[in-house]
Participant: 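Please find one structure pasted underneath; my questions will follow.
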Amino acid sequence: MTSAEVALESGATLGEGPTWDAAGERLLWVDILAAEVHAFDPVTAADTVLQPTSQHVGSAKPRTGGGLVANLRDGVGLYDPDGAFRWLAEYPAEGVRGNDAAVGPDGSLWAGTMRYDERPGGGTLRRVRPDGETTAVLDGVTVSNGIGWSPDGRLMYYIDTPTGRIDVFDVDPETSLPRARRPFADVPGPGKPDGMAVDADGRLWVAVWNGGRVLRYAPDGRPDGEIALPVALTTACAFGGPGLRDLYITTAAVATPPGTAHAGALFVVPDAGQGLPTPAFPG
């Protein structure tokens with residue numbers, strides 16, 4: 001497989017949530033602990049803080065009419081193109097923050113949480129509809145992370161990082177809710193699975209936290225490839241760029257020795273595969 005290149009020496013404390021914004025032809029990503037949403041232009045290599053947030057931000061996705069939907073510490077909020085903010089769904093809990101999130105085929109934001117101290121069972125996965133209706137999908141998770149769907153939308157994949165495993169669900173065609181949870185693949189150490197992307201061939205690309213790599217899995221759960229990175233704290237990945245052929249990978253500098261080369265950088269693997277379009281949030 002093609003090796004990863006440094007796209008941006010961002011030095012992010014906790015880079016996460018890469019998402020291709022097709023309308024803006026840019027990559028959105030967040031620095032969770034800096035409370036910033038960034039936009040990276042792969043043509044000019046310019047990176048800007050698109051939206052500072054008043055709380056730690058686990059993920060931010062584009063909205064169909066412009067602006068962002070953000071998975072924040074106390075719930076899910078909406079930013080208009082001019083930066084104006086309003087809550088879509090609030091559910092604050094002491095010691096808990098938003099983490100990874102994804103817009104599903106049903107148009108909802110699937111938003112995960114975790115405790116700052118990573119206490120077992122302290123996180124959740126919720127479905128937040130564009131009108132703010134919120135459903136608790138999973139309780140008792142620890143670090144709610146990667147979420148993705150098969151190309152036909154019939155399967156949902158999910159990662160609770162400390163389990164060291166990727167799980168798969170069937171998607172109920174009437175409610176769009178997951179059912180029949182079962183293991184999809186165990187992720188070998190070193191490290192634990194974090195964020196993921198699903199490509200057009202139904203393969204899963206999984207970033208391994210504290211493992212310095214992205215693993216690829218075939219639709220039947222077999223290991224199918226590996227991309228090694230020069231940093232340990234690999235957090236998430238997403239396809240972007242022209243034709244959705246390039247794989248972008250976020251990393252973190254938190255808890256690494258000062259001066260560690262490329263810690264917190266944004267990486268890219270050119271022409272890694274064929275990505276799926278990322279739906280914008282209609283709310």
Side-chain angles (χ1 to χ4, degrees), residues 1-8 10 12 15-20 27-29 40 42 59 100 102 105 143 145-169 182-252 261-278:
M1 295 176 68
T2 308
S3 59
E5 306 170 0
V6 174
L8 177 70
S10 49
E16 260 284 9
T19 303
W20 184 249
L27 185 83
L28 303 179
W29 63 277
F40 173 72
S59 187
D100 207 353
V143 180
N145 249 317
I147 311 162
W149 288 264
S150 60
D152 62 8
R154 295 181 179 182
L155 299 174
M156 188 182 94
Y157 303 99
Y158 179 70
I159 292 170
D160 182 1
T161 290
T163 67
R165 189 181 68 235
I166 308 161
D167 287 340
V168 62
F169 301 77
R182 56 202 181 271
F184 174 76
D186 290 318
V187 178
K192 300 286 187 180
D194 199 322
M196 78 165 83
V198 181
D199 70 18
D201 295 318
R203 297 177 299 188
L204 275 64
W205 303 68
V206 180
V208 183
W209 173 260
N210 210 26
R213 64 198 194 280
V214 173
L215 300 177
R216 190 176 70 188
Y217 289 88
D220 62 3
R222 291 180 297 108
D224 189 40
E226 178 175 332
I227 300 168
L229 281 85
V231 294
L233 301 183
T234 316
T235 59
C237 55
F239 283 93
L244 298 175
R245 298 287 307 174
D246 302 330
L247 186 73
Y248 287 92
I249 305 166
T250 50
T251 69
H262 308 311
L266 175 68
F267 290 83
V268 64
V269 182
D271 202 28
Q274 181 58 62
L276 289 168
T278 302

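In what follows, every heavy atom counts, from backbone to side chain, and hydrogens, waters and symmetry copies are set aside.
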Participant: Going by ring pair (Phe, Tyr, Trp, His ring centres under 6.0 Å), name the residues that satisfy it together with Y217, two or more places apart in sequence or in a different chain.
Facilitator: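 Scan of Y217 (ring pair (Phe, Tyr, Trp, His ring centres under 6.0 Å), adjacent residues dropped) gives none.
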Participant: Show which side-chain atoms of residues 231-239 pair as donor or acceptor with protein atoms under 3.5 Å away, not counting sequence neighbours.
Facilitator:
unit_1, atom_1, unit_2, atom_2, d
T234, OG1, R213, N, 3.4
T235, OG1, G15, O, 2.7
T235, OG1, T250, O, 2.9
T235, OG1, T250, OG1, 2.6

Participant: Checking the side chain of T161 only, and the main-chain atoms of K192 only, is there a donor and an acceptor separated by less than 3.5 Å?
Facilitator: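 Absent.
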Participant: Between A265 and T251, which heavy-atom pair has the shortest distance, and what is it?
Facilitator: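 Here A265 and T251 meet closest at O-OG1, 2.7 Å.
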Participant: Under the side chain to side chain contact (heavy atoms under 4.5 Å, CB included) test, which residues partner R222, sequence neighbours left out?
Facilitator: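 Scan of R222 (side chain to side chain contact (heavy atoms under 4.5 Å, CB included), adjacent residues dropped) gives A218, D220.
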Participant: Could you pull out all residues at least two apart from Y158 that satisfy ring pair (Phe, Tyr, Trp, His ring centres under 6.0 Å)?
Facilitator: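 By the ring pair (Phe, Tyr, Trp, His ring centres under 6.0 Å) rule, Y158 matches no residue at all.
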Participant: Measuring from atom CZ of R216 to atom CE of M196, what distance do you get when rounded to the nearest 0.5 angstrom?
Facilitator: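 Separation between the atoms: 15.5 Å.
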Participant: Do S3 and I227 come within less than 4.5 Å of each other through their side chains, counting heavy atoms only?
Facilitator: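 S3 vs I227: side chains apart.
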Participant: Who passes salt bridge (Lys or Arg N to Asp or Glu O under 4.0 Å) against R203, sequence neighbours left out?
Facilitator: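 Counting only residues at least two positions away or on another chain, R203 forms a salt bridge (Lys or Arg N to Asp or Glu O under 4.0 Å) with D199, D201, D224.
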Participant: At their closest point, which heavy atom of D246 faces which heavy atom of P270, and how far apart are they?
Facilitator: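 Taking every non-hydrogen atom into account, OD1-CA, 3.4 Å.
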Participant: Just to verify, what does D271 make a salt bridge (Lys or Arg N to Asp or Glu O under 4.0 Å) with, not counting sequence neighbours?
Facilitator: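 D271 satisfies salt bridge (Lys or Arg N to Asp or Glu O under 4.0 Å) with R245 only.
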Participant: Does W29 have any side-chain hydrogen bond (donor to acceptor under 3.5 Å, both in side chains) partners at least two apart in sequence or in another chain, and if so, which?
Facilitator: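 Once residues adjacent in sequence are excluded, the partners of W29 under the side-chain hydrogen bond (donor to acceptor under 3.5 Å, both in side chains) criterion are D47.
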Participant: Per the side-chain contact (heavy atoms from CB on, under 4.5 Å) rule, which among I166, I147, D100 passes with I159?
Facilitator: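 Only match with I159 under side-chain contact (heavy atoms from CB on, under 4.5 Å): I166.
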Participant: Could you pull out all residues at least two apart from R154 that satisfy side-chain hydrogen bond (donor to acceptor under 3.5 Å, both in side chains)?
Facilitator: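 Expected list: none.
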Participant: Roughly how far, to the nearest 0.5 Å, is the CZ atom of F169 from the CE atom of M156?
Facilitator: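 With rounding to 0.5 Å, CE (M156) is 5.0 Å from CZ (F169).
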Participant: Only counting residues at least two apart or in another chain, list the ones meeting side-chain hydrogen bond (donor to acceptor under 3.5 Å, both in side chains) with D194.
Facilitator: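 Expected list: N145.
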Participant: Would you give the length of the straight line joining atom CG of L266 to atom CD1 of I249, rounded to the nearest 0.5 angstrom?
Facilitator: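 One gets 9.0 Å once the value is rounded to the nearest 0.5 Å.
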Participant: Decide side chain to side chain contact (heavy atoms under 4.5 Å, CB included) for Q274 and L244; before the verdict, give the C-alpha distance in whole Å, the side-chain angles of both, and the deciding distance to 0.1 Å.
Facilitator: CA-CA 6 Å; Q274 181 58 62; L244 298 175; 4.0 Å; yes
Participant: Just to verify, what does T278 make a side-chain hydrogen bond (donor to acceptor under 3.5 Å, both in side chains) with, not counting sequence neighbours?
Facilitator: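 So T278 forms no side-chain hydrogen bond (donor to acceptor under 3.5 Å, both in side chains) with any residue.
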Participant: Rounded to the nearest 0.5 Å, what separates atom OG in S10 from atom CZ in F267?
Facilitator: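 One finds 8.5 Å between OG of S10 and CZ of F267.
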Participant: Hey, what do you get for CG (D160) to CZ (R165), rounding to the nearest 0.5 Å?
Facilitator: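 Here the interatomic distance stands at 8.0 Å.
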Participant: Taking only residues two or more places apart in sequence, or in another chain, which ones meet F184 in a ring pair (Phe, Tyr, Trp, His ring centres under 6.0 Å)?
Facilitator: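 Partners of F184 by the ring pair (Phe, Tyr, Trp, His ring centres under 6.0 Å) criterion, ordered by chain and then number, come out as Y157.
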Participant: To check you understand the geometry: which heavy-atom pair defines the closest contact between G202 and P219, and what is its length?
Facilitator: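 Heavy atoms only, the tightest pair is O-CG, 3.5 Å.
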Participant: How about L215 and P223: do any of their side-chain heavy atoms sit closer than 4.5 Å?
Facilitator: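 No, their side chains stay 4.5 Å or more apart.
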Participant: Restricting to ring pair (Phe, Tyr, Trp, His ring centres under 6.0 Å), what partner residues turn up for W149, sequence neighbours left out?
Facilitator: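 Result, ring pair (Phe, Tyr, Trp, His ring centres under 6.0 Å) vs W149: W110.
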Participant: Between T19 and L28, is there a donor-acceptor pair closer than 3.5 Å when you use the side chain of the first and the backbone of the second?
Facilitator: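 Flag not set: sc T19 to bb L28 has no pair under 3.5 Å.
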